Enquirer: 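I'd like to ask you about the structure that follows.
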Amino acid sequence: MISVVTTKVEVLGLLPIAGRTAVVPTMGALHRGHAALIEGARDAVGSQGRVIVTVFVNPTQFGEGEDFERYPRTLESDLRMAESAGADVVWAPTTDEVYDTDGVAAAITVDPGPLGTQLEGASRPGHFAGVLTVVAKLLLVTRADVAYFGEKDYQQLTLIRAMATALDLPVEIVGLPTVRDDDGLALSSRNRYLSAEQRVLASRIPTAMESGTRAATHGAEAVIDAVTAALDDPGLDIDYIEVRDTDLSPAPPFGAARLLLAVRVGDTRLIDNVAITLGGAS
Ligand code: PAF
């Protein structure tokens, strides 16, 4: 039976175990993508280990006018999914429990550096400071040995890895591939905002990424042109389409790279990315 805890004291008081602790940080509204992370975590630490799933809709990573208020909160079904995927503990804290500091301490955050102002960070100022600060706190309180994140949030994963290196956090960061619906749309808690008509439009995103992948032999510009053309529809509002190196520095002329995009479908902002290989066309 899964344990549900809310306070830091309860997390710190979990009984010692022989194995490692794996943590899967989430904002809840769990779907098959989260289940894959929890299953990966369970496999990694085995029966001697402990898998903790955190469920916390973190206010500091949402900007003004974003969807903090309407973000789905589905704790009961999250508990069932976490348990069946192999979690031992769900930590679902309140905001006051996570941010229980005041004065000087309340103003201390993790600075994501220049990458934090690019791609997602350009459209969502302050987003990555909020993400990195809460992830650092969640991993430290849970004393995570290993933590699992999805590649769907590729820039988030890149920055969390960099933070663990920069701050010497004693935790291994593992990224797992994006889980997709049958038509290729990346699973996201935000997909539930889409109407039936918008859901059909959204399925053009993975198709466009396939066009981009095919164009990659002709270079980064060709990738961007192909994706832009494939997303040309009045119902789709492109925020960015970019090709970067795998560490999100500027794209190399050829070799391994990443195609990343953000598109608005109505009020819903969807992001996705895929590994591509640039160059090779004669
Ligand atoms: O990816 C998410 O769900 C969130 O950004 C995370 C990592 C749980 C931090 O709030």
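Side-chain atoms are counted along with the backbone in the values below, which use heavy atoms only and exclude waters and symmetry mates. Since this is a predicted model, take the numbers as computed values, not measurements. Atoms within each ligand, like the ligands themselves, are counted from 1 in listed order.
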Enquirer: If the plane angle is over 60° it's perpendicular, under 30° parallel, otherwise tilted; pick one for Tyr193 and Tyr71.
Expert: perpendicular

Enquirer: For ligand 1, does Thr26 get within less than 4.0 Å through its side chain, its backbone, both, or neither, judged by non-hydrogen atoms?
Expert: backbone

Enquirer: Evaluate Gln61 for polar contact with ligand 1, using N/O atom pairs at a separation under 3.5 Å.
Expert: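 It does: an N or O of Gln61 is found under 3.5 Å from an N or O of ligand 1.
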
Enquirer: If you count the atoms of ligand 1 from 1 in the order shown, which ones are under 4.0 Å from a heavy atom of Val134?
Expert: 9 (C), 10 (O)

Enquirer: Check each atom of ligand 1 against the heavy atoms of Gln156 and keep those under 4.0 Å away; list them by number with element.
Expert: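 That gives atoms 1 (O), 2 (C), 4 (C), 5 (O), 7 (C) of ligand 1.
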
Enquirer: I'd like to know if Asp267 pairs up with Arg70 as an ion pair, taking the criterion as any Lys NZ or Arg NE/NH1/NH2 lying under 4.0 Å from an Asp or Glu carboxylate oxygen.
Expert: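 Result for this pair is no, no salt bridge flagged.
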
Enquirer: Treating Gln155 as the side-chain partner and Glu120 as the backbone partner, does any N or O pair qualify as donor plus acceptor under 3.5 Å?
Expert: yes

Enquirer: Taking 4.0 angstrom as the limit, do Arg161 and Asp247 come out as a salt bridge?
Expert: no

